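Read through the structure below, which is laid out as structure tokens, and then see the notes.
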Amino acid sequence: MGLKKYIDQKVKPQFEENGKLKSFRSLFDGFYTFMYVPNETSKVHGSHIHDAIDSKRIMSFVVIALIPCLLFGMYNVGFQHYRAIGESADFISMFLYGLAAVMPKVVVSYAVGLGIEFTVAQWKKEEIQEGFLVSGMLIPLIVPINCPLWIIAVATAFAVIFAKEVFGGTGMNIFNVALVTRAFLFFAYPTMMTGDKVWVNGEYMDCITGTVDGVSAATPLGEIASGQAVSTNVMDTITGLMPGSIGETSVIAIAIGAIILLWSGVASWKTMFSVFVGGALMAFLFKGHLSNTGNFEWWEHLTVGGFCFGAVFMATDPVTSARTEKGKYIYGFLIGCIAILVRTLNPGFPEGMMLAILLMNVFAPLIDYCVVQANINKRAKRANK
Amino acid sequence: MSLFSKENGAVFTGPLNINNPIAVQVLGICSALAVTSQLKPAIVMGLSVTVITAFANVIISLIRKTIPNRIRIIVQLVVVAALVTIVSNILKAYVYDVSVQLSVYVGLIITNCILMGRLEAFALQNGPWESFLDGVGNGLGYAVILVIVGFVRELLGSGTLLGFTIIPSSVLMENGGLYLHNGMMTMPAMALIILACVIWAHRSINDKEK
């Protein structure tokens, strides 16, 4: 570890209290602990460590799980673009097109969010908190491709400040930060986000392709909401080759992510599973209500829109979801129910996943309280017998 | 005691800053969220509350020794209701469009906590001139916050101020620009967040002075 020794002896003192670069301490600290195991670990005796893994590594697992969605999202952006303008292109050029369209969003989201995090950490003289590693990757995946960068920057800043830092930073937030970003976009700039018309990227990248046309294509949910026939078939919704927000379209890519999350133990299968149960139940109950289109089966609700993405990556957020084991079932089940209820019963909102998860974020502590209290009562009764 | 003594000055300026009815006492929030989506109604509302608070304070202060203690709330309400009716009719007569925009919130000044608070806490114990100053100070303290919130909301929400276009329409996205108005600014939810930011700024400044 020659490099580490060099950094410890030469670079690190620069960032300490009396060093030249002390105003960048939090920045250095963040990257240092991200790359290396910190030198100071808890003492062996008297500590109550449950797990060897720290929150940076947990976050890294989620980011890894998101990569299939990101890569597929890039490909799909290119695919939809070339389909919309009626040209054929090979795989590489589709992917590169998507890469060029998506990467700026990732960079903006990370730069704004981490910038605020580093500033706050420096200001409060705390260690940098790593919660934004995941949020910063989720945000670009849940916005439509033609969403302007400055709007993403504004929404990210809003969410990080008002959904996270004012509550006390990572681990203290009531709401999922990435979803607050999307909710802000949804209510503040509804023309960008309404879901009845998520544009396929046409004009935005014309400097690269030379074609100028604003092509738009409706998402399946938008078509249902406006009473049209759904133009995508089941295979499209499962592979994900359909219009939609960048990362949410492909069930396969999300399934790979889900497997990574479950295998590494970061996400809870109880939450994930019960979201699908709740969604399926509601979709089945409101079968007659769903649409007048005929070619949209009730179970297809689970494959379109942000349902899978929300169930796998948003509902299982360890900070904002219910923490008791029984509570996870209730929490997930209600998310699934409410998401489909919003979709079917409220014509104003074609997609209900975001609202359902944010709503249940509020109720998660209550669920936990009831579960814990029920257990206490049960045991008290047993003791008094 | 002279009319413009130091104590009277403090009675007047206190509510404008360190004892602000909205930012410090957190009273009158409901109307502050409801009427501030544009600047003009916010100003009119602020002035109405100022006038009503000032004169209700004076009237109650004048009759404070004759009001039986057990029915003082009813007396206060009658006074305030009379003043609110007068102001509401004046608004309807002279600025009808604003009066329509404010709708029920002019009538609801009767229930504004700031008014009751000042009558109970100040006018019942002090003379008419001090009560007048206190009423004007509290009303203006309320109005200042309303104007700040209304300014931000109108500018970012619809790109105008007092109805004049500030952000040119050529930068809007539908005209080929890049800018979009923030629709959330026109919702009361955002007013609450802006209000919170005002309180945040106010407290951090005052804490520093301590």
Side-chain angles (χ1 to χ4, degrees), chain A residues 104-105 108 116 120 123-124 143-144 146-168 173-175 179-195 197 199 202-204 206-207 212-214 216 348-349 354-355 358-359 362, chain B residues 22-24 26 29 32-34 36-38 145 148-161 165-208:
Chain A
K105 294 185 169 52
V108 165
I116 293 173
V120 171
W123 179 38
K124 289 166 131 182
V143 298
N146 63 334
C147 193
L149 295 177
W150 73 269
I151 286 183
I152 295 181
V154 170
T156 308
F158 174 87
V160 172
I161 293 172
F162 289 103
K164 191 164 165 190
E165 295 304 340
V166 296
F167 288 105
N173 46 322
I174 299 175
F175 299 106
L179 277 180
V180 172
T181 310
R182 195 177 196 283
F184 181 81
L185 289 168
F186 187 84
F187 289 111
Y189 305 103
T191 48
M192 283 285 114
M193 299 294 292
T194 40
K197 239 187 202 176
W199 284 279
E203 54 186 335
Y204 189 55
D206 54 356
C207 50
V212 182
D213 52 352
S216 68
F349 296 106
M354 169 188 85
L355 299 169
L358 283 176
L359 183 68
V362 180
Chain B
I22 295 187
V24 178
V26 199
I29 295 293
L33 302 187
T36 51
S37 66
Q38 280 164 342
I145 305 287
I148 294 171
V149 176
F151 178 86
V152 176
R153 283 182 74 186
E154 189 175 352
L155 183 64
L156 297 180
S158 41
T160 58
L161 279 180
T165 309
I166 300 294
I167 295 171
S169 60
S170 58
V171 301
L172 289 181
M173 207 164 272
E174 59 258 35
N175 301 329
L178 276 176
Y179 186 76
L180 268 185
H181 291 313
N182 189 330
M184 204 157 162
M185 284 290 170
T186 55
M187 298 180 193
M190 204 61 190
L192 192 67
I193 291 174
I194 296 169
L195 203 54
C197 290
V198 172
I199 293 177
W200 182 8
H202 182 260
R203 292 208 175 155
S204 48
I205 291 168
N206 280 344
D207 281 354
K208 235 170 246 165

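Please read these numbers as outputs of a predicted model, since none were measured by experiment. Quick note on labels: first sequence line is chain A, next is B, and so on, each numbered from 1.
For B:M190, the part lying near chain A is the side chain, with the backbone staying farther off; criterion is any non-hydrogen pair under 4.5 Å. Of the atoms belonging to A:F162, it is side-chain heavy atoms, and not backbone ones, that fall under 4.5 Å from chain B.
Taking CD1 of A:I161 as the start and CD1 of B:I193 as the end, the distance is 11.0 Å to the nearest 0.5 Å.
Ranked by non-hydrogen atom pairs under 4.5 Å with chain A, the options B:M185, B:M184, B:M187 are led by B:M184.
B:Y179 and A:W150 make their closest contact through CA-CZ2, 3.7 Å (heavy atoms, listed as atom of the first residue, atom of the second, distance).
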